[in-house]
Peer 1: 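There's a structure below that I have some questions on.
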Amino acid sequence: MTVTDRITALPEALSEPLSGALHGPVIDWFDAHARDLPWRRPEAGAWGVMVSEFMLQQTPVSRVLPVYEQWLARWPRPADLAAEPPGEAVRAWGRLGYPRRALRLHAAATAITELHGGEVPSDHAKLLALPGVGEYTAAAVASFAYGQRHAVLDTNVRRVFARAVSGAQYPPNATTAAERKLARALLPESEPVAARWAAATMELGALVCTARTPDCGRCPIAGRCAWRAAGSPAHDGPPRRGQTYAGTDRQVRGKLLAVLREALEPVPQVALDAVWDEPVQRARALDGLVADGLVEPLADGTYRLPLG
DNA sequence: AAGACGTGGGG
DNA sequence: TCCCCAAGTCT
């Protein structure tokens, strides 16, 4: 029986006994051990939550912290960000990585300003329609900022469920329908409790049930963990998808954009040529940045971060 | 639906 | 050192 089959078979048999036994311990643990993160404070508001979610996509908390503080101080409301050129968002993004997220956050702020009266929407479908907001982020903002009842499935939660419920060391490479079904089946009925559960399971995955070396000794549900009960078997399925970087266009794009972020004036071609010696790849990377709207070519042959 | 998309820290 | 990994989204 594969992991997917096992998850698929669960929900009906699962219901109350298992889920009810998990909610209390996990939420109690969260009450005692949750980190005091700025976007979890009441004053963060929905905009603060949304900004944090964009920054946290594939980026560790420790690196997000300082940029988040600067960002919220400079642009306390969506309209403040929307009033500036997208290039300023890219510049302020600094070295967080995946700078297209900065562009999308700027575009989302613009949409919020023009379509939603400057208020981050609370409706899941409206959130999902915003640039850069996918299934996870829409659920996260609706749940964390507005206390709604949604299955919030990020990499942490998926790993916790894979282990505790499905008995696998790691979840599948891509989120499956079976995982969504399981997440919904485990969601507490009460709206506020469900929102708490979402944050708690995520935190458990981030602090205790980690990818490499889980600290089962500190896990509130270790006694009910299917993976532990099975003897903590090693991952068997297809290899987990790695990320290549060295020598790729991504690395070249990063170097090019770093130059433009630092520059206050448009940058001449020669300055960009200096970051990478292979001309074909260099040109392809620059073209890609322009196509993505991260870089603006000017008529005189210079380049800058986008003004419009 | 597999692959592109940045960056840096920890084991 | 090198490899793995980090609150995903989009095409």
Side-chain angles (χ1 to χ4, degrees), chain A residues 30 34-35 37-40 44 48-68 90 93-105 107-108 127-145 150-160 169-177 179 183 198-207 209-215 235 238-261 275 281 284-285 287-289 291-295:
Chain A
F30 185 62
R35 291 168 292 180
L37 300 170
W39 44 86
R40 285 180 178 162
V49 171
M50 172 168 278
V51 169
S52 76
E53 291 304 337
F54 269 76
M55 292 183 172
L56 288 163
Q57 291 169 5
Q58 301 283 280
T59 306
V61 167
S62 60
R63 287 177 42 214
V64 165
L65 247 14
V67 182
Y68 171 86
V90 174
W93 198 253
R95 308 187 66 78
L96 281 185
Y98 292 148
R100 47 176 49 169
R101 290 181 294 165
L103 226 41
R104 289 176 182 150
L105 181 50
L127 287 165
L128 197 53
L130 295 171
V133 176
E135 181 184 342
Y136 161 75
T137 302
V141 173
S143 181
F144 301 156
H150 291 284
V152 181
L153 261 190
D154 79 322
T155 189
N156 290 304
V157 177
R158 294 180 61 221
R159 188 173 55 249
V160 168
Q169 185 179 22
Y170 297 115
N173 276 335
T175 305
T176 62
E179 286 182 276
T201 47
M202 201 175 303
E203 190 78 336
L204 185 62
L207 298 183
C209 193
T210 55
R212 209 168 311 189
T213 52
D215 189 354
H235 180 70
R240 316 181 60 212
R241 230 182 72 210
Q243 315 167 13
T244 52
Y245 183 65
T248 61
D249 288 3
R250 294 161 72 183
Q251 184 178 21
V252 185
R253 288 166 57 108
K255 287 178 176 296
L256 290 170
L257 209 54
V259 171
L260 292 162
R261 271 199 313 265
V275 309
Q281 187 177 29
R284 186 173 64 232
D287 285 349
L289 288 170
D292 289 348
L294 283 162
V295 172

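Lettering follows sequence order; numbering is per chain, from 1. Values below: all heavy atoms of this structure, side chains included; hydrogens, waters and symmetry mates excluded. The structure presented is a predicted model; accordingly, all values stated were derived computationally and were not measured.
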Peer 1: Mapping T248(A) and S62(A) onto DNA chain B by nearest heavy atom, which one lands closer to the 5' end?
Peer 2: T248(A)

Peer 1: Which nucleotide span of DNA chain B, 5' end to 3' end, has atoms closer than 4.0 Å to non-hydrogen atoms of chain A?
Peer 2: dG3(B) to dG11(B)

Peer 1: Reckon L257(A) touches a base, only the sugar-phosphate, or nothing at all at heavy-atom distances under 4.0 Å?
Peer 2: nothing

Peer 1: What distance, rounded to whole Å, do you find between the two C1' atoms, one in dG8(B) and one in dT1(C)?
Peer 2: 15 Å

Peer 1: Just to verify, what does Y68(A) make a ring pair (Phe, Tyr, Trp, His ring centres under 6.0 Å) with, not counting sequence neighbours?
Peer 2: W39(A)

Peer 1: If we count only N and O atoms by modelled type, under 3.5 Å, do the side chains of Y136(A) and E53(A) hold a donor and an acceptor together?
Peer 2: yes

Peer 1: Applying side chain to side chain contact (heavy atoms under 4.5 Å, CB included), name anything that partners A183(A), two or more places apart in sequence or on another chain.
Peer 2: A151(A), L153(A), F161(A)

Peer 1: Using the C1' atom as the reference point in each nucleotide, state the distance between dT11(C) and dA1(B) in Å, no decimals.
Peer 2: 10 Å

Peer 1: How would you summarise protein contacts on nucleotides 6-11 of chain C per nucleotide, using B for base, S for sugar-phosphate only and - for none, with heavy-atom distances below 4.0 Å?
Peer 2: BBBSS-

Peer 1: I'd like the P distance from dA7(C) over to dG11(B), given in whole Å.
Peer 2: 15 Å

Peer 1: Within the 4.0 Å heavy-atom criterion, would you say R250(A) contacts the bases, only the backbone, or no part of the nucleic acid?
Peer 2: base

Peer 1: Can you tell me, in whole Å, how much space there is between the C1' of dT9(C) and that of dG9(B)?
Peer 2: 24 Å

Peer 1: Got a sec, which residues hit side-chain hydrogen bond (donor to acceptor under 3.5 Å, both in side chains) with R35(A), two or more places apart in sequence or on another chain?
Peer 2: E203(A)

Peer 1: Only one of V160(A), T210(A), V157(A) passes side-chain contact (heavy atoms from CB on, under 4.5 Å) with L204(A); say which it is.
Peer 2: V160(A)

Peer 1: Taking all non-hydrogen atoms of both residues, which atom of R159(A) and which atom of A211(A) are closest, and how far apart?
Peer 2: NE-N, 3.4 Å

Peer 1: If we take the C1' atom in both dG6(B) and dA6(C), what is their distance in whole Å?
Peer 2: 12 Å

Peer 1: So, does R100(A) use its side chain to make a donor-acceptor pair with the main chain of D292(A) at under 3.5 Å?
Peer 2: no

Peer 1: Not counting sequence neighbours, which residues clear side-chain hydrogen bond (donor to acceptor under 3.5 Å, both in side chains) with T248(A)? List them please.
Peer 2: none

